[in-house]
Amino acid sequence: MSESYNQSGGTSVIVIGAGIIGVSTALALQDRGHAVTLLDRRGVAEETSRGNAGAFAFTDVEPLASPGILLKAPKWLLDPLGPLSLRPAYAHKMLPWARHFYAASRPRRHKASISAQARLMTLSRAALVRLIARVEGEPLMRREGQLQVYEGEAEYRASLPAWELRRQHGIAFDLLESPEAIAEIQPGLASRFTHAGFTPDWMNTVDPKLWTEHLAACFRAAGGVIETNDVQAMVQQGDAVVLETTAGLLRADQVVVAAGAWSHRLARTLGDRIPLETERGYNTTFPTCTFDLRTHVTFSNHGFVVSKIGDGLRVGGSVELGGLELPPNYRRSEVLVQKAVQFLPGFDGTGGTQWMGFRPSMPDSLPAIGRSPRADRVTYAFGHGHLGLTQSAGTAEIVADIVARRPLALNIAPYAPLRFGGQP
């Protein structure tokens, strides 16, 4: 294999992964004077960052691992088309992750995870404001809020503890207790939805792929390098990190691993065993919006959302635990569309394009952010689950400070990559 070196000025940094986390991080590192190369096995926003719902979900502070989930999970897991399902062919491989998930759902751990998530959300919201200004990105934003709807009084009352958590963390919202109040924000929903919560400060990007590509274009315009290359392994040698890739050996002063659901495989080449799994998410995108959608709508107890993407509409959500290798089960997408047709009277559910993406998920719903304990020139930035877009700008600023060995804006101990002990 050949060996190539980054010869440009400043500290050389290679960022592995050109999804929203990797691209945002590359741009933040570049802004701090580093010579940055961005590598991805497929290209910019060609994996999960191209097909998500486009939401900056700063209000979502409660982790999937919670005391309540343990009561619901057995029922959900047995339904192959439910909001949370486990592919039988993958069940045995999930056991180590499930053990950590169970521990994270205990009340004390759950409370700590909420606090850590809320702090990262606060930083990420402020960082996004800075990033939008930096890249003149306002035309790629939608500020239309989010409506979370419920069927009946009992379902609504069951949601109130989660709204109280949001209140405690300074999240603004309005609770709506009649169909008429809902219709003032989003007319046309099925009459079965009688209550809702509205978060007015919620925002979306017009298209997550376009937003990621816009950031990548800004990175390139300032001299950044983006290459299609598949990294196989890493090793730290003295004051540098050497990457084994399909195109040969690459060398950099520091490396950031932001390869989403594939990141734990690279971490293992250093000896770091991180319990990362995948929330396989499904959606269908329709080129035109045949329903007058005025805000991002979340159907909480059905596990999916509808959002505007460009001039069209995207129906997506649910969590399928099935790893990286099993083929997609697009019947899940079909079920979500069938529900959308019922819940959005007049919506034409034909002519959509189906998609599945891999959300990189840690057992406690907190990302892995920090240096490898076995290679202090390698920094991890992955495991954001369904909050990668939401936390991308904040993660980028944290990683840029880690690489520069500067004081950090928040305590990153809750996100330590090896907080589960370094065992699978």
Side-chain angles (χ1 to χ4, degrees), residues 17-23 40-57 80-87 90 140 142 204-216 228 259-262 277-291 293 296-299 302-341 343-344 347-361 382 384-390 392:
I20 186 60
I21 298 292
V23 172
D40 193 277
R41 67 194 187 105
R42 294 187 61 190
V44 174
E46 286 300 320
E47 298 285 358
T48 307
S49 294
R50 75 177 290 126
N52 61 66
F56 294 98
L81 300 177
L84 173 64
S85 70
L86 174 62
R87 293 283 284 267
Y90 196 72
L140 291 171
R142 283 194 173 109
N204 289 55
T205 174
V206 300
D207 187 316
K209 179 174 170 59
L210 289 181
W211 172 239
T212 308
E213 290 176 338
H214 178 71
L215 297 180
T228 302
W262 291 265
E277 273 297 341
T278 57
E279 300 175 27
R280 295 152 62 104
Y282 292 82
N283 69 44
T284 306
T285 303
F286 299 86
T288 57
C289 200
T290 57
F291 179 84
L293 190 65
H296 181 106
V297 180
T298 300
F299 299 95
H302 295 272
F304 79 100
V305 306
V306 292
S307 58
K308 287 189 282 189
I309 299 293
D311 295 327
L313 182 145
R314 181 165 288 166
V315 179
S318 76
V319 174
E320 179 188 63
L321 302 170
L324 293 167
E325 309 300 336
L326 294 177
N329 175 14
Y330 283 119
R331 176 62 181 145
R332 296 182 66 82
S333 295
E334 295 167 6
V335 167
L336 297 183
V337 171
Q338 289 168 6
K339 287 185 175 183
V341 170
F343 300 165
L344 309 176
F347 169 60
D348 182 0
T350 62
T353 300
Q354 296 176 330
W355 178 86
M356 183 195 76
F358 300 105
R359 309 182 191 110
S361 179
F382 57 82
H384 296 74
H386 65 281
L387 297 170
L389 175 64
T390 303
S392 55

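- A donor-acceptor pair under 3.5 Å links the side-chain atoms of Thr48 to the main chain of Phe358, judged by distance alone.
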> Where do Phe299 and Leu344 land on the side-chain contact (heavy atoms from CB on, under 4.5 Å) test, with the steps shown first?
Replying inline: CA-CA 11 Å; Phe299 299 95; Leu344 309 176; 4.1 Å; yes
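- The side chain to side chain donor-acceptor pair (under 3.5 Å) check on Thr390 picks up nothing, with sequence neighbours excluded.
- Val337 and Gly349 make their closest contact through CG1-O, 3.6 Å (heavy atoms, listed as atom of the first residue, atom of the second, distance).
- Side-chain contact, Glu320 with Tyr90: no donor N or O sits under 3.5 Å from an acceptor N or O.
- Taking CD1 from Ile20 and OG1 from Thr212, the interatomic distance works out to 3.5 Å, rounded to the nearest 0.5 Å.
- Taking both residues in full, the closest heavy atoms of Gly317 and Leu336 are given as N-CD1, 3.7 Å, listed atom of the first, atom of the second, then distance.
- Val315 has its side chain within reach of Phe286: a pair of non-hydrogen atoms, C-beta onward, lies under 4.5 Å apart.
- Contacts of Arg314 classified as salt bridge (Lys or Arg N to Asp or Glu O under 4.0 Å), with partners at least two apart in sequence or in another chain: none.
- Side-chain contact between Leu389 and Leu387 is absent, with no heavy atoms from C-beta onward closer than 4.5 Å.
- What you find for Gly351 and Pro287 is that their closest heavy atoms are O-CD, 3.7 Å.
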>> With side-chain contact (heavy atoms from CB on, under 4.5 Å) as the criterion, how do Leu313 and Phe347 come out once you've worked through the C-alpha distance, each side chain's angles and the decisive distance to 0.1 Å?
In response: CA-CA 10 Å; Leu313 182 145; Phe347 169 60; 4.0 Å; yes
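- Taking each heavy atom of Gly43 and Ala18 in turn, the nearest pair found is O-CB, 4.0 Å.
- Sequence neighbours left out, the pairs with a member in residues 42-56 that pass salt bridge (Lys or Arg N to Asp or Glu O under 4.0 Å) are Arg41-Glu47, Arg42-Glu47, Glu46-Arg50, Glu46-Lys209.
- Side-chain contact between Glu213 and Asp207 is absent, with no heavy-atom pair separated by less than 4.5 Å.
- Side chain to side chain, Ser333 and Gln354 fail the donor-acceptor criterion of an N or O pair below 3.5 Å.
- Annotation: side chain of Arg87 is in contact with side chain of Asn329 (closest heavy-atom distance under 4.5 Å).
- Taking the side chain to side chain contact (heavy atoms under 4.5 Å, CB included) definition, one finds that Pro328 meets it with Tyr282, Tyr330, Met356, sequence neighbours left out.
- Counting only distance, with no hydrogens or angles, the side chain of Arg280 and the backbone of Gly323 share a donor-acceptor pair below 3.5 Å.
- In this structure, the separation between OG on Ser318 and NE2 on His302 is 13.5 Å, given to the nearest 0.5 Å.
- Side-chain atoms of Asn283 never come within 3.5 Å of backbone atoms of Gly316 as a donor-acceptor pair (strictly under, hydrogens ignored).
- Residues Glu279 and Ser361 share a closest heavy-atom pair of OE2-OG, 3.0 Å.
- The structure places OG of Ser85 at 3.5 Å from CZ of Arg332, a figure rounded to the nearest 0.5 Å.
- Partners of Thr284 according to the side chain to side chain donor-acceptor pair (under 3.5 Å) rule, which considers only residues two or more places apart in sequence or in another chain, do not exist here.
- Side-chain atoms of Thr205 come within 3.5 Å of backbone N or O of Leu140 as a donor-acceptor pair.
- Looking at residues two or more places apart in sequence or on another chain, you find a side chain to side chain contact (heavy atoms under 4.5 Å, CB included) between Asn204 and Ala55, Arg142, Trp202, His296, Ser307.
- Between the Thr278 side chain and the Ala261 main chain, no donor and acceptor come within less than 3.5 Å of each other.
- Ring geometry for Phe56 versus Trp211: interplanar angle over 60°, hence perpendicular rather than tilted (30 to 60°).
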